[in-house]
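Worksheet: the structure to be examined is printed underneath.
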Amino acid sequence: MGTVGARTDEIAGERRRLINVAYRLLGSVTEAEDAVQDAYARWYGLSRSRQEEILSPGAWLTTVTSRICLDLLGSARARRERYVGAWLPEPLPDRTEWDHAGGVDATGPADPADQIVLDESVAMAFLVVLESMTPAERVAFVLHDVFRYPFAEVAGVLGRTPAACKQLAATARRRVSVARAPVPATGRADVVRHVKEAWETKDIAALVGLLDPAAVMTADGGGMVGTVLRPVEGGARIAQYMVAIADKAPGLELLERSVNGVPGLVAQRAGVVMTVAAFDVSDGRVTRIWAVRNPDKLRPWARED
């Protein structure tokens, strides 16, 4: 009984790591949770004798979760062709900001978003690059480069040779290498704060000065709320669009918040989060803005006070 109980605890303890793997593979908290739940269901669907034959339940669960994610990534492209407007990953709040709001109970985090480790591998800019990869490239890169699984194990997930998986990860790595080095948090926070102030005062000139001339803003409303369906290109056009939003949305309150581990902005009205914006910054100017407005993707933010 003691051995069975210890193994049950061990298996339950894998959930946090599996959620972290699945979110980086899928860019969706909801889909990551579903993938992990599916993996656990398959584990508990095994006979007791089959479970005892598996020397490392954690490795088994990782393989199954990754294969589920691989299948989802394969079908995601078709689903996103039907998606209204641009598709962006789900933004994540900083867990520490929500502890006071009931996000953690006596048994641990109550929400899967609370279990995701916020580091550079979940920054919005990084997740967007991951979206440009093929499903196999993404799985090989995330498992090996982010979570340090050996290529022999990655091969078991992808059904390819370790050499082929190594090549997939190398191709994915080249995609990531084109991204600029991350701006220190303090410098990024200063730029985001200035954007917030200029936006609140509807100062187009100040906004233009804070935006790179070649900046791009992408918004995700999922067809559920009004937003631009195509990226807005150019600092001047983005500044004008931001001020137009402020004019059309009286009572909108802007809050400085951590978004996927880096400084961002949250727009709320009457206490309801309407938009979560992530930023990419280079040389003191904003180069990219990702504005998530799809209510389904803002559920982890619903506890905002």
- Do Thr30 and Asp296 come close enough that some side-chain heavy atom pair is under 4.5 Å? no
- Inspect the surroundings of NZ in Lys166 and state if more than 12 heavy atoms from other residues, nucleotides or ligands are less than 6.0 Å away. no
- Query: Does Leu143 belong to the same Ile/Leu/Val/Met/Phe/Trp/Tyr cluster as Leu158, with side-chain heavy atoms less than 4.5 Å apart forming each link?
  - Reply: yes
- Note on the structure: From the list Val259, Leu298, Thr218, side-chain contact (heavy atoms from CB on, under 4.5 Å) partner of Val292 resolves to Leu298
- Message: A side-chain contact here means heavy atoms from C-beta on lying under 4.5 Å apart; do Pro89 and Met124 qualify?
- Response: yes
- Message: For the OG atom of Ser121 and the OH atom of Tyr23, what is their distance to the nearest 0.5 Å?
- Response: 9.5 Å
- Taking all heavy atoms of Val176 and all of Phe141, pick out the closest pair and write down the distance. CG2-CZ, 3.7 Å
- Give the C-alpha distance, both sets of side-chain angles, the deciding distance and a yes or no for side-chain hydrogen bond (donor to acceptor under 3.5 Å, both in side chains) between Ser47 and Arg50. CA-CA 5 Å; Ser47 65; Arg50 178 68 184 103; over 6 Å; no
- Does Arg148 come within less than 4.0 Å of Glu153, counting only side-chain N to carboxylate O? no
- Side-chain ion pair, Glu253 and Arg269, N-O less than 4.0 Å: no
- Would you find a donor on one side and an acceptor on the other, under 3.5 Å apart, between the side chain of Asp203 and the backbone of Trp199? no
- Query: Does a side-chain heavy-atom distance below 4.5 Å link Val117 with Arg16?
  - Reply: yes
- Item | Test item: Leu255 and Leu265 side chains (from C-beta on) under 4.5 Å apart, heavy atoms | no
- Item | Taking every non-hydrogen atom, the tightest pair across Ala155 and Pro162 | CB-N, 3.8 Å
- What closest approach, in Å, do Leu25 and Cys69 show between heavy atoms, and which atom pair accounts for it? CD1-CB, 3.7 Å
- Item | Atom pair CZ (Phe126) and CD (Glu120), whose distance is rounded to the nearest 0.5 Å | 7.5 Å
- Query: When hydrophobic residues are tied together by side-chain contacts of less than 4.5 Å, even through go-betweens, does Leu92 share a cluster with Val262?
  - Reply: no
- Under 4.0 Å between a Lys/Arg side-chain N and an Asp/Glu carboxylate O for Lys202 and Asp247? yes
- Look at the side-chain heavy atoms of Ile, Leu, Val, Met, Phe, Trp and Tyr, link any pair under 4.5 Å apart, and say whether Val192 and Val216 land in one connected group. no
- Taking only Lys NZ, Arg NE, NH1 and NH2, and the carboxylate oxygens of Asp or Glu, determine whether Arg257 and Asp94 approach each other closer than 4.0 Å. no
- Task: Look up atom OH in Tyr149 and atom OG1 in Thr63, then write down how far apart they are to the nearest 0.5 Å.
- Result: 8.0 Å
- Task: Return the minimal non-hydrogen interatomic distance between Phe279 and Val195, and the atom names on each side.
- Result: CE2-CG1, 4.3 Å
- Message: Could you go through Asn294 and Tyr83, starting from their C-alpha distance and side-chain angles, then the distance that decides it, and tell me whether this counts as side-chain contact (heavy atoms from CB on, under 4.5 Å)?
- Response: CA-CA 11 Å; Asn294 184 338; Tyr83 195 81; 2.9 Å; yes
- Query: What is the distance from atom OG of Ser282 to atom CZ of Arg188, rounded to the nearest 0.5 Å?
  - Reply: 9.5 Å
- Does atom CZ of Arg160 have more than 12 heavy-atom neighbours, drawn from other residues, nucleotides or ligands, at distances under 6.0 Å? no
- Which word best sums up how the rings of His144 and Phe151 line up, parallel for under 30°, tilted for 30 to 60°, or perpendicular for over 60°? parallel
- Within 6.0 angstrom of Arg230 CZ, more than 12 heavy atoms from elsewhere: no
- Ile245 side, atom CD1; Lys248 side, atom NZ - distance, nearest 0.5 Å: 8.5 Å
- Query: Linking I/L/V/M/F/W/Y whenever any side-chain heavy atoms sit under 4.5 Å apart, do Leu61 and Leu70 land together?
  - Reply: yes
- Message: Are the side chains of Leu211 and Arg285 in contact, using a 4.5 Å heavy-atom criterion?
- Response: no
- Item | Minimal non-hydrogen separation, Gly284 against Val191, with atom names | O-CG2, 3.7 Å
- Hey, are Arg24 and Asp119 close enough for a salt bridge, meaning a charged N less than 4.0 Å from a carboxylate O? yes
- State whether Glu200 and Lys196 are salt-bridged, where the test is any N-O pair (Lys NZ or Arg NE/NH1/NH2 against Asp/Glu carboxylate O) under 4.0 Å. yes
- Item | Donor-acceptor contact below 3.5 Å, side chain Ser132 vs main chain Val129 | yes
- Item | Step-by-step side-chain hydrogen bond (donor to acceptor under 3.5 Å, both in side chains) determination, Thr227 to Arg293 | CA-CA 8 Å; Thr227 191; Arg293 302 202 66 230; 5.0 Å; no
- Show the numbers, then the answer: is there a side-chain contact (heavy atoms from CB on, under 4.5 Å) between Ile238 and Glu233? CA-CA 7 Å; Ile238 295 172; Glu233 301 180 357; over 6 Å; no
- Query: Is the shortest heavy-atom distance from the side chain of Arg17 to the side chain of Thr62 under 4.5 Å?
  - Reply: yes
- Does Ile68 belong to the same Ile/Leu/Val/Met/Phe/Trp/Tyr cluster as Leu18, with side-chain heavy atoms less than 4.5 Å apart forming each link? yes
- Val21 to Ser66 - nearest heavy-atom pair and separation: CG1-OG, 4.2 Å
- Measure the acute angle between the ring planes of Tyr40 and Tyr44, then classify it against the limits of 30° and 60° as parallel, tilted or perpendicular. parallel
- Message: Do Ile116 and Ile19 make a side-chain contact, defined as non-hydrogen atoms from C-beta onward lying under 4.5 Å apart?
- Response: yes
- Query: Ion pair present between Glu131 and Arg175, side-chain N to carboxylate O less than 4.0 angstrom?
  - Reply: no
- Item | Main-chain N/O of Val122 paired with Asn260 side-chain donor or acceptor, under 3.5 Å | yes
- Message: Between Asp220 and Leu88 (side chain of the first, backbone of the second, donor and acceptor by atom type, cut-off under 3.5 Å), is there such a pair?
- Response: yes
- Query: Yes or no on side-chain hydrogen bond (donor to acceptor under 3.5 Å, both in side chains) for Ser28 and Glu90, after CA distance, side-chain angles and deciding distance?
  - Reply: CA-CA 5 Å; Ser28 165; Glu90 292 183 20; 2.8 Å; yes
- Message: Contact between Leu229 and Val84 at the side-chain level, heavy atoms closer than 4.5 Å - yes or no?
- Response: yes
- Query: Would Thr134 and Arg138 count as a side-chain hydrogen bond (donor to acceptor under 3.5 Å, both in side chains) if you check the C-alpha gap in whole Å, the side-chain angles of each, and the deciding distance to 0.1 Å?
  - Reply: CA-CA 6 Å; Thr134 67; Arg138 186 165 183 170; over 6 Å; no
- Rounded to the nearest 0.5 Å, how far apart are CD of Gln51 and CD of Glu53? 10.5 Å
- Query: Can you check side-chain contact (heavy atoms from CB on, under 4.5 Å) on Leu72 and Leu26, steps first, answer last?
  - Reply: CA-CA 8 Å; Leu72 288 171; Leu26 300 173; 3.9 Å; yes
- Identify whether the distance between the nearest side-chain nitrogen and carboxylate oxygen of Asp38 and Arg42 falls below 4.0 Å. yes
- Backbone N/O of Val64 and side chain of Trp43: donor-acceptor pair under 3.5 Å: no
- Task: Please test Leu46 against Trp60 for side-chain contact (heavy atoms from CB on, under 4.5 Å), starting from the C-alpha separation and ending with a verdict.
- Result: CA-CA 12 Å; Leu46 298 175; Trp60 187 93; 3.8 Å; yes
